[in-house]
Amino acid sequence: MPRTPIQLPTNIEYLSILDENAQIDKQLEPILSTADLKRMYHFMLLARRADERMLKLQRQGRIGTFPQSLGHEAISVGAASAIGSSDWHVPAYREFSGMLLRGWPLETLLLYWGGFEEGARPPDGVNDLPYCVPVASQLLHATGIGMAMKIAGDKKVVLTFFGDGSSSEGDFHEALNFASVFQAPVIFVCQNNQFAISVPLSRQMHCATLAQRAVSYGIPGIRVDGNDILAVYAATKEAVDRARQGLGPTLIEGLTYRTTAHTTSDDPKKYRSPEEEQLWSSRDALIRFRRYLADRGIMDESARISLEAEIEQEIKEAVRKFEEAAGDKELLNPLHMFDYLYAETPEFLERQRNELQQFLASRSAGPGRMEAKSGESAGRDP
Ligand SMILES: Cc1ncc(C[n+]2csc(CCOP(=O)(O)OP(=O)(O)O)c2C)c(N)n1
């Protein structure tokens, strides 16, 4: 026969375990200890409250532009809860809650969004890369780490994240291709919040799901309800187990919605309706998870109120530490911009550093000391 169908594994599943009415599918409910479940809720709530506080800090000019992670907590915490502390966690910029869970102090993440390089330094012993803003570039780093793990015979896995818009970048395809060809232990998690700034998903791809892109790389792919932390955890756990056994990468698409602006400098009212935002807010991950914990007798109302109070204190203390650090003259030293790019600073940067150092010294010694080069003003702020 001239034309015969080629059988491909095209069955892409959608996984939902805890639905928007907090109804649980008992058959699919993952096994998690009470301590684990409480920990997951703690970090979702901490991120939610810190996010709300950070919006105020930004409006008051105390931190810079930042992307809220509201609505992304279930994917971030659910997936990060499925890896061990020695595995690798490679975030984009909406994995605030997962980074807190991994051990990043809140004050460090505040430093990052306050514009200090020190906020990009993972705490000792935490196998994470810092926030990554050039979209999809972190996926190549994750694949590289995964390939290194494989070559070293290490059983660690790599968990990495990206947005739906990032899946249109070449980096996304290169990372998935290499990871699949070399069967690297990488779990690619898409935070499909249906927008890339103002560009809706329908302008980003012509497929029914993002998960089906896994088929073209010959790897498993699954779509999960991204506001269902149990479904995210279960799908990630399966992928982690496979990766640890040497069975290669997985693509997980978490379907959610960015309930707030893209960043603090965006106005979503210009490109979407309040009804749509309202609909997705009613599917909020925290509400349904809280109801699940209450139904199981793990967290009653008084325990939740105490947790809220504990978190409020935790945030207050982190903001105090951040502002104390941000006021430190040494941290504000602009010469630091040369310090963290290279293990050995190249000569051209060393020259620029010396030039700036002299300039700063001349300014503190009084104006007009440093000679202006042609076209430059000696008095310009660095
Ligand atoms: C390489 C690169 N190009 C462009 C940008 C500007 N930019 C910032 S966020 C964004 C949209 C990203 O959308 P998506 O991947 O869906 O992530 P989301 O912000 O929705 O979480 C773009 C284009 C960037 N950060 N990096």
Side-chain angles (χ1 to χ4, degrees), residues 44 47-48 51 54-55 58 64-80 89-100 109 112-113 115 119-120 129-144 159-176 187-214 221 223-227 232 251-272 276-277 280-281 283-285:
M44 286 172 91
R48 177 67 62 94
D51 207 71
M54 283 163 76
L55 181 62
Q58 193 277 337
T65 301
F66 92 101
Q68 286 194 274
S69 65
L70 215 142
H72 300 77
E73 298 95 340
I75 298 178
S76 180
V77 170
H89 182 252
V90 182
Y93 48 77
R94 291 206 201 272
E95 283 66 49
F96 180 46
S97 46
M99 288 171 85
L100 292 168
L109 301 180
Y112 183 92
W113 297 114
L129 298 197
Y131 279 121
C132 183
V133 173
V135 299
S137 60
Q138 73 281 5
L139 303 178
L140 295 169
H141 306 155
T143 293
L159 176 67
T160 188
F161 298 84
F162 61 101
D164 42 293
S166 307
S167 71
S168 299
E169 289 281 342
D171 284 359
F172 164 81
H173 298 282
E174 289 160 25
L176 262 84
I187 297 98
F188 296 92
V189 178
C190 178
Q191 292 256 20
N192 179 0
N193 63 18
Q194 308 182 51
F195 285 91
I197 316 184
S198 55
V199 181
L201 189 58
S202 58
R203 286 276 164 180
Q204 207 69 242
M205 64 180 202
H206 188 64
C207 339
T209 68
L210 223 139
Q212 74 200 63
R213 296 197 163 177
R223 173 182 266 194
V224 303
D225 177 347
N227 287 350
V232 176
L251 173 62
I252 299 173
E253 172 191 9
L255 183 64
T256 183
Y257 189 81
R258 200 196 67 222
T259 37
T260 57
H262 170 71
T263 65
T264 45
S265 54
D266 169 48
D267 178 8
K269 287 192 197 77
K270 293 211 160 89
Y271 54 86
R272 59 188 199 190
E276 188 181 276
E277 290 179 2
W280 280 92
S281 293
R283 297 175 174 158
D284 187 39

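What you see is a predicted model, and the numbers here were worked out from it, not measured in a lab. Counting convention: from 1, in listed order, for ligands and their atoms alike.
- Separation of atoms CZ (Phe96) and NE2 (His72) is listed at 13.5 Å; rounding is to 0.5 Å.
- One side chain, Asn227 or Thr256, offers a donor N or O that lies under 3.5 Å from an acceptor on the other.
- Applying the side chain to side chain donor-acceptor pair (under 3.5 Å) rule to Thr65 yields no partners; only residues at least two apart in sequence or on another chain are considered.
- Taking the side chain to side chain donor-acceptor pair (under 3.5 Å) definition, one finds that Tyr257 meets it with Arg272, Glu276, sequence neighbours left out.
- At a 4.0 Å heavy-atom cut-off, the residues surrounding ligand 1 are Tyr93, Arg94, Val133, Pro134, Val135, Gly163, Asp164, Gly165, Ser166, Asn193, Phe195, Ala196, Ile197, His262, listed by chain and number.
- With hydrogens and angles left out, the side-chain atoms of Thr209 and Gln212 include a donor and acceptor closer than 3.5 Å.
- Under the rule for a side chain to side chain donor-acceptor pair (under 3.5 Å), the partners of Ser69 that lie at least two apart in sequence or sit in another chain are Asp51.
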